[in-house]
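Every chain is numbered from 1 and lettered A, B, ... according to where its sequence line falls, protein lines coming before strand lines. Scope of the values below: all heavy atoms of this structure, side chains included, with no hydrogens, waters or symmetry mates.
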There are 2 protein chains.
Amino acid sequence: MQMNLSTRQLRAFVALAEERSFTRAAAQVHLSQPAFSALIRSLEEEVGTRLFDRTTRSVELTAEGVVFESSARRVLREAQEALADMRELAARRRGRVSLAVLPALAAGWLPCVLARFHADYPGIELDVADVLSEDCIERLRTGRADLALAATRVNTPELRTEPFCSDGFHLVCRRDHPLAAKPALRLADLAAHPMIQLARNSSVRQYVEAAVYPQQLQTVMELDQLSTVAGMVRAGLGVSLVPALTLFHFDHPDLVTRPLPARGLKRQIFLVRRRDRGLSVAAQAMYEHLMASLPAAHASGARP
Amino acid sequence: MQMNLSTRQLRAFVALAEERSFTRAAAQVHLSQPAFSALIRSLEEEVGTRLFDRTTRSVELTAEGVVFESSARRVLREAQEALADMRELAARRRGRVSLAVLPALAAGWLPCVLARFHADYPGIELDVADVLSEDCIERLRTGRADLALAATRVNTPELRTEPFCSDGFHLVCRRDHPLAAKPALRLADLAAHPMIQLARNSSVRQYVEAAVYPQQLQTVMELDQLSTVAGMVRAGLGVSLVPALTLFHFDHPDLVTRPLPARGLKRQIFLVRRRDRGLSVAAQAMYEHLMASLPAAHASGARP
DNA sequence: CGATCTTACGGGATTCGTAAACATA
DNA sequence: TATGTTTACGAATCCCGTAAGATCG
C-alpha cells in the first residue's frame, strides 16, 4: 500500500475545488486543460475514489471530495510552510549562530563585527558566549557553539583548528614609570620590574611565561580581570603585559602602552569548529564574515 | 516561487535520516542507490540547501536538515493519514449514510435490512429519520438525507424519483366483525362501515380517498399513529384500511387483516435522491443494498 | 449548437537501473 | 584497500500539449 502524493496534485485539487471548472483551474496552475484533467484523475486513483462529480456543465465535489478538502488544504499549507522556512534558512534570512569567543575579542573587536553581521543578516539570531579558551572548546565539543575563537590549538579527531589572527603583546605601565620612555623596549627589560599578572590558567599568562622562560618575572599580584589589572597598574603597584586586543581596557590618561617586538611573544588566536559536522548556512555566513573581519595585526583594539 | 514536493521525497528523506546510509535507505524505499541519491538531491534543490552532510563514511543531517526533519515527518504523517482515511471511505470501511424513511417502512421492514447492511459495512454510520413523506423530501432537499423512501413522487429539477416498491392495502377489523369473514372482500364493501382513518396529510389517507372517489367513507375518527388506530379497532370503534407494510401494528389475536384487491388501491413507494450530486460511496452501497432488499409485494411486514 | 470535459497520440523531459569513477578511513 | 557515494548513460516511463471526440444543457 505504498502511496505517492505530490503538492502539485493537491494544488490542482484545491484549485478545482475553488474554481469548479477544469478550464479555469488548469489555467490557475499553468497547465493545459487535458494535462490538468489527467492530474486530477491520477489523484482520484491514488485516493481510490472520485473526488469530483463532473458533467460538462458543472463540476462539484463529491461527498468524499468534501472530506478530502480540509486534509488537502492542511497538508498543502504545512508543506508550503515547511519549504518556505527552509528557504528562509537557506537564504540566510533566518537562522541562528552560536559563538564562543575569548572575552578580550568579545569585548573589543567583536561588537562592531557582529553589528555589521546583523546589518547584513538581520534575521539570524546570535548567541555569544564570552568565555575563556577552555570553555570555548568545551562549548564546541558539546554542540553549544558552532564556532569558537580561542587561544588554544586543539587537535582532536572531533575538532578542527585553523589560525585566525595573531596578537602582539604590549607593556602597560604608568606614564611616570621608567619603562614608559625607554627607547627600544625588549622583553628582557621587564625582569627588573614588579608585574601584575593574570591568573595562571589564562592563556595570556601562559604565553608570557613561555616567552621569558627560563627567566622568571617578578609577580607582585595575580588577577582574573583585566579591568582590575588596569586599576592596579594605575595605582602604581606594577606594570603588566597584555595582548594588543585587550588594550582598550587600558585606555586612560595616566597609562601608557608600548608594543613589544612581535617575535618571541605573540599569541595566536584560532578559529575552531567541529570536524564531524559542517556548518549551518547561518554559521557558514558567520565564518565568512569573521574571516573578512580579521583584526589588524597589532591593533590597539576597537572600542565598543 | 512555485514549489513541488512529493511524499516520495519525504519518505526518502526520513528513511535517510533514520538509516544514515544511502544504501540502506535506498533499499528501504525500494530504489536503486543512485536513483535514491538523485531523489535526495532533488529534494535538496527544492529546499534550497543541503540536508545531509555526507562523506563516504558517514551520512549526517545538517543543521538545516534537523530543522526540516520535524516538518517533513509531520507533513508525511498527515498526508498518509489523509490518504488512508480516503481509502477507508472508498473501501466502505467508513462513512455515513443518512436515510429518510416513511415510519411504516422504518419500523417494519427497515430494521432487518439495516442489520444486514451494518453486518456488511460495520464502519458506516447510519442516520435514519423515520418521518412522513413530506419531511423525507424536505430532508433530501436540504442535504440532511442522502436517500429517501417516500410515498410521493417528486419531479423537480433537483430531485430524482424512481419506483421502489408497491404496497397493497388491507382491511383491519375485529375478529367478530362482519367483514372478517366476508368471502370476496372488495373496496365497495367498506362504505357501509365506520372507518378509523389516518390524518388527512398522511399519504395513506390520500391514497384511500383517491381510490374510493367519488364515493366517500364513513370517517368515525382521525388519528396520527397507527398503533392508536390498532387500539381503536380493537375497541370496536370501527375498521381501518392500511398498507401491507404497516400490518405489524395489527398483529393481535382480537384482530383480523384481510387483503383488498391490489388494482385500484395500491400505494407506490419511491426512492428519491438529489439530482445534482452523486451518491457518496457509502450511500451508493446503501442504495444497492436497498434495491436488493425490496420488500415482498404483499408482505405482512417483517417484525423488528 | 456551444461550452466543457475526456480520449488519442506524438514529442520531450524525467527517472530508473547498471556500470564505472571517485572518495574517505 | 574496502566500503559507500557520485557520475555517466542508455532505456523505460511519465507527463505535457495539440487535436479530435464525446456529452450535457
Side-chain angles (χ1 to χ4, degrees), chain A residues 2-13 15-46 49-62 65 155-160 274-278, chain B residues 2-13 15-46 49-62 65 155-160 274-278:
Chain A
Q2 191 75 321
M3 59 98 185
N4 190 21
L5 197 61
S6 71
T7 54
R8 294 187 51 238
Q9 288 172 310
L10 294 181
R11 250 197 303 277
F13 172 82
L16 186 52
E18 280 172 356
E19 295 287 351
R20 296 165 133 67
S21 154
F22 277 71
T23 309
R24 288 197 302 275
Q28 185 176 313
V29 298
H30 309 296
L31 236 62
S32 74
Q33 190 274 326
F36 182 86
S37 201
L39 198 57
I40 293 292
R41 187 173 42 246
S42 78
L43 177 61
E44 288 180 328
E45 278 166 14
E46 204 90 50
T49 184
R50 281 268 161 138
L51 295 170
F52 295 94
D53 269 335
R54 54 269 226 183
T55 69
T56 54
R57 232 3 161 202
S58 77
V59 175
E60 294 291 335
L61 283 166
T62 60
N155 270 328
T156 66
E158 51 183 345
L159 296 182
R160 210 175 94 188
R274 292 177 68 110
R275 198 185 289 274
D276 60 347
R277 59 170 99 144
Chain B
Q2 191 76 319
M3 58 96 185
N4 190 21
L5 196 61
S6 70
T7 54
R8 294 186 52 240
Q9 288 173 310
L10 293 181
R11 251 197 304 276
F13 172 82
L16 186 52
E18 279 173 355
E19 295 286 351
R20 298 168 132 69
S21 154
F22 277 71
T23 308
R24 288 196 302 274
Q28 186 176 311
V29 298
H30 309 295
L31 236 61
S32 75
Q33 191 274 328
F36 181 86
S37 201
L39 197 58
I40 293 292
R41 181 157 11 102
S42 77
L43 177 61
E44 288 180 327
E45 278 167 16
E46 203 92 50
T49 185
R50 281 271 161 135
L51 295 170
F52 295 94
D53 270 333
R54 53 269 228 184
T55 68
T56 53
R57 233 12 160 193
S58 77
V59 175
E60 294 291 334
L61 283 165
T62 60
N155 269 327
T156 67
E158 50 184 346
L159 296 183
R160 210 175 94 190
R274 292 176 68 109
R275 198 184 289 275
D276 60 347
R277 58 172 99 142

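- Ranking dT7(D), dC5(C), dT6(C) by closeness to the R41(B) side chain, first place goes to dT7(D).
- In the set dT4(C), dC16(D), dG4(D), dC16(D) carries the atom at the smallest distance from any side-chain atom of L31(A).
- Considering all non-hydrogen atoms of both residues, R50(A) and T62(A) come closest at O-OG1, 3.0 Å.
- The CZ-P distance, from R8(A) to dA13(C), rounds to 15 Å in whole Å.
- Each of F36(A) and V59(B) was assigned the nucleotide of DNA chain D with the nearest heavy atom; the assignment lying further toward the 5' end belongs to V59(B).
- In this structure the side chain of T49(B) never reaches within 4.5 angstrom of the side chain of E44(B), judged on heavy atoms.
- Between the P atom of dC15(D) and the CD1 atom of I40(A) lies a distance of 14 Å, rounded to the nearest Å.
- Residue R24(A) is out of contact with every strand shown, counting any heavy-atom pair closer than 4.0 Å.
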Report task. Scan nucleotides 19-25 of chain D nucleotide by nucleotide, 5' to 3', and note B when protein non-hydrogen atoms come under 4.0 Å of the base, S if they reach only the sugar-phosphate, - if neither. Result -> B---BBS
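- Using a 4.0 Å cut-off between charged nitrogen and carboxylate oxygen, R20(B) and E60(B) count as a salt-bridge pair.
- Put simply, CZ on F22(A) is 14 Å from C1' on dT7(C), counting in whole angstrom units.
- To the nearest angstrom, P of dC5(C) lies 8 Å from CG of L16(A).
- End-to-end axis angle of the helix from dC1(C)-dG25(D) to dA25(C)-dT1(D), from C1' rotation axes over five pairs per end: 40° (rounded to 10 degrees).
- The aromatic rings of F22(A) and F36(A) stand perpendicular to each other, their planes meeting at an angle above 60°, with 30° marking the opposite boundary.
- Between S37(A) and dT6(C) there is a side-chain N or O to OP1 or OP2 distance below 4.0 Å.
- Across all their heavy atoms, G278(A) and D53(B) have their closest contact at N-OD2, 2.7 Å.
- To the nearest angstrom, P of dA13(C) lies 18 Å from CG of N4(B).
- The closest side-chain donor-acceptor pair between T7(B) and N4(A) falls under 3.5 angstrom.
- Atom CD in E158(A) sits roughly 15 Å away from atom P in dA25(C) (whole-Å rounding).
- Across every non-hydrogen atom of S42(B) and Q9(B), the tightest pair is OG-NE2, 2.9 Å.
- S32(B) comes within 4.0 angstrom of a base, heavy atoms only.
- Counting only heavy atoms from C-beta outward, the side chains of V29(B) and R8(B) never approach each other to under 4.5 Å.
- As rounded to whole Å, 13 Å separates atom C1' of dT6(D) from atom CD of E44(B).
- For dT6(D), the OP1/OP2 oxygens have a side-chain nitrogen or oxygen of R54(B) closer than 4.0 Å.
- Residue-level contact check: S21(A) touches the backbone only, with heavy atoms under 4.0 Å from sugar-phosphate atoms and none from bases.
- Using a 4.5 Å heavy-atom threshold, the side chains of E18(A) and R24(A) count as separate.
- Whole-Å rounding puts the R20(A) CZ to dC5(C) P distance at 13 Å.
- Shortest non-hydrogen contact noted between R54(A) and I40(A) is NH2-CG2, 4.1 Å.
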